[in-house]
Protein chains: 2
Amino acid sequence: MAIPRAAKTQRRTRIQEEKEEIILEAALDVFSVSGFRGSTIDQIAEVAGMSKPNLLYYFRTKEAMHRALIDRVLFTWLEPLRAFDANGDPESEIRSYIRRKLEMARDFPRESRLFANEMLQGAPHVEDELRGPLKALVDEKAEVIRVWARNGKIAKCDPYHLIFSIWSTTQHYADFDVQVRAVLGPEHSGEGRFEDAARYLEQLFVDGLRIRGPHG
Amino acid sequence: MAIPRAAKTQRRTRIQEEKEEIILEAALDVFSVSGFRGSTIDQIAEVAGMSKPNLLYYFRTKEAMHRALIDRVLFTWLEPLRAFDANGDPESEIRSYIRRKLEMARDFPRESRLFANEMLQGAPHVEDELRGPLKALVDEKAEVIRVWARNGKIAKCDPYHLIFSIWSTTQHYADFDVQVRAVLGPEHSGEGRFEDAARYLEQLFVDGLRIRGPHG
DNA sequence: GGATAATTTGACCGATTGGTAAACATTACA
DNA sequence: TGTAATGTTTACCAATCGGTCAAATTATCC
């Protein structure tokens, strides 16, 4: 007898792998723009190029699709912070963290917007992950920064708000892309704006955190 | 013969003023969380405490409601930037701009989220305003900052990205409030977090933009 | 090639969507 | 107070929503 839902099979078929990939790709397109409530299965089905019942064969509900997407995105989204090295040089660690986050905003803007949409709606689907794994990771890295400040390697500052400010400034170029382009005008809306942003942000954070000399 | 829609009347009734206010207040509640597509007239009607056809008597369509709301919010949202004074002291101007923006994130988070939602969706309803009045205002203030930098009053920096970074860091506390609370934990989720943020951000921007002494 | 499992589709369901029509109630004003 | 304009509600509409079902099609494996 046939098992009606692919999700329940033991071994994943080649077709399953492929189709689920296509679906999640389409779902990312749609969810990242309209959020969960504002997106429809029909929209996703159209982008994915398959029928709605066919989508629902792979993901039983709209929620399941969103869930799978969020889980995947959340993991890769934290990669740059995980790579933040306690043993590295503070200045270059912060510098390369900013670079990595900015690269992600440039290369994966949909993922950033999906996450932003979820936050705006009060994180109804991921609050547990925020309070659990996310908080744990941030706590760990915040402690690293605190030690750097205590040892005089960087200026004293609230490590949590430092992390928030790096998040917000970098993700801004993905989430508020339309606004950035509108303000910069068409002549500065090429990919070069990410380089400009990188230069500015590195200056801001590095100078802002540098220990001040007697003339500072 | 009766004019069927209040919007077409010449003089605004007392009832019109009151009801439209109530509706926009309710619409702000709903739109700021779910975005345009994700919000329903029924939701807004329920929050407003009136029937759906009654809502539609004051605003003919969901779009009209959203439009009215966006127009109002966009104007007040730019107040702090308008107040940015070219003749003031650079350091204290930037400092108070950050404070004002942070106060707005604290006191009007729904307005911030409404705006963020619109940006995430690609600004389908306000792209003209972004390219027009918003860009004009930013251009003007960016020129002020550029002159300050040229005259050696602050460090050289890209004025547009400076403005972007102030926007993003301050609005973060409204738009990503859930995340901020989750990471800081319940013990630091009181209103004090805005004071902490203000202290941190002022340090970051003022030190980051201060002209460096020979030991900097 | 045939049996069996996996995949796809069209037809359909009840609930909800944005919005309307017209009857009804209330207000403002002479 | 009467009446015309304004405001409110009930009932309703077609379209779309998330999701189901059974039949049809395709892939897999002996």
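Letters A, B, ... mirror the listed sequences (proteins, then strands); counts begin at 1. Since this is a predicted model, take the numbers as computed values, not measurements.
Rounded to whole Å, the distance from CZ on B:R37 to C1' on D:dG18 is 13 Å. One interatomic measurement links the two molecules: CZ of B:F36 to P of C:dT17, which rounds to 14 Å at whole-angstrom precision. The distance from atom CD of B:E46 to atom C1' of C:dT17 is 15 Å, rounded to the nearest whole Å. In this structure, the CD atom of A:Q43 is 14 Å from the C1' atom of C:dT17, given to the nearest Å. When the C1' atom of C:dC12 is taken as reference, atom CG of A:L56 falls 14 Å away, rounded to whole Å. At whole-Å resolution of the value, NZ in A:K52 and P in C:dG10 are 13 Å apart. Separating the CG atom of B:L55 from the C1' atom of D:dT9 is a distance of 13 Å, rounded to the nearest angstrom. Look at CD on A:E20: it is 13 Å from C1' on C:dT7, rounded to the nearest Å.
Using cut-offs of 30° and 60° for the angle between ring planes, the B:H172 and B:F176 rings count as parallel.
For the pair B:R199 and B:F194, the cation-pi criterion (under 6.0 Å, within 45° of the ring axis) is not fulfilled. A cation-pi arrangement is absent between B:R110 and B:F31 under the rule of less than 6.0 angstrom and at most 45 degrees off the ring axis.
Put simply, B:K19 has no side-chain N or O that comes within less than 4.0 Å of OP1 or OP2 on D:dT6. Listed pair A:Y58 / C:dA6 fails the phosphate criterion, with no side-chain N or O lying under 4.0 Å from OP1 or OP2. Contact annotation: A:Q16 side-chain N/O to C:dA6 OP1/OP2 distance is not under 4.0 Å. Look at B:Y57 and you'll find a side-chain N or O under 4.0 angstrom from OP1 or OP2 of D:dG7. For the OP1/OP2 pair of D:dT9 and a distance below 4.0 Å, the side-chain nitrogens and oxygens of B:S51 include at least one atom meeting the criterion.
Proximity note for B:D42 (side chain, C-beta onward) versus D:dG7, D:dG18, C:dT17: the nearest is C:dT17. Residue B:I15 has its side chain nearest to D:dG7 when only D:dG7, C:dG18, D:dG19 are considered. Distance from the side chain of B:N54 is smallest to D:dT8 among C:dG19, C:dT8, D:dT8. In the set C:dT8, C:dG18, D:dG19, D:dG19 carries the atom at the smallest distance from any side-chain atom of A:I41. Of the candidate nucleotides D:dG19, C:dG18, C:dT9, C:dG18 has the atom nearest to the side chain of B:K62.
Side-chain contact annotation: B:D139 with B:Y160, donor-acceptor N/O pair under 3.5 Å present.
Under 4.0 Å is where a charged nitrogen must lie from a carboxylate oxygen, and between B:E202 and B:R99 at least one such pair does.
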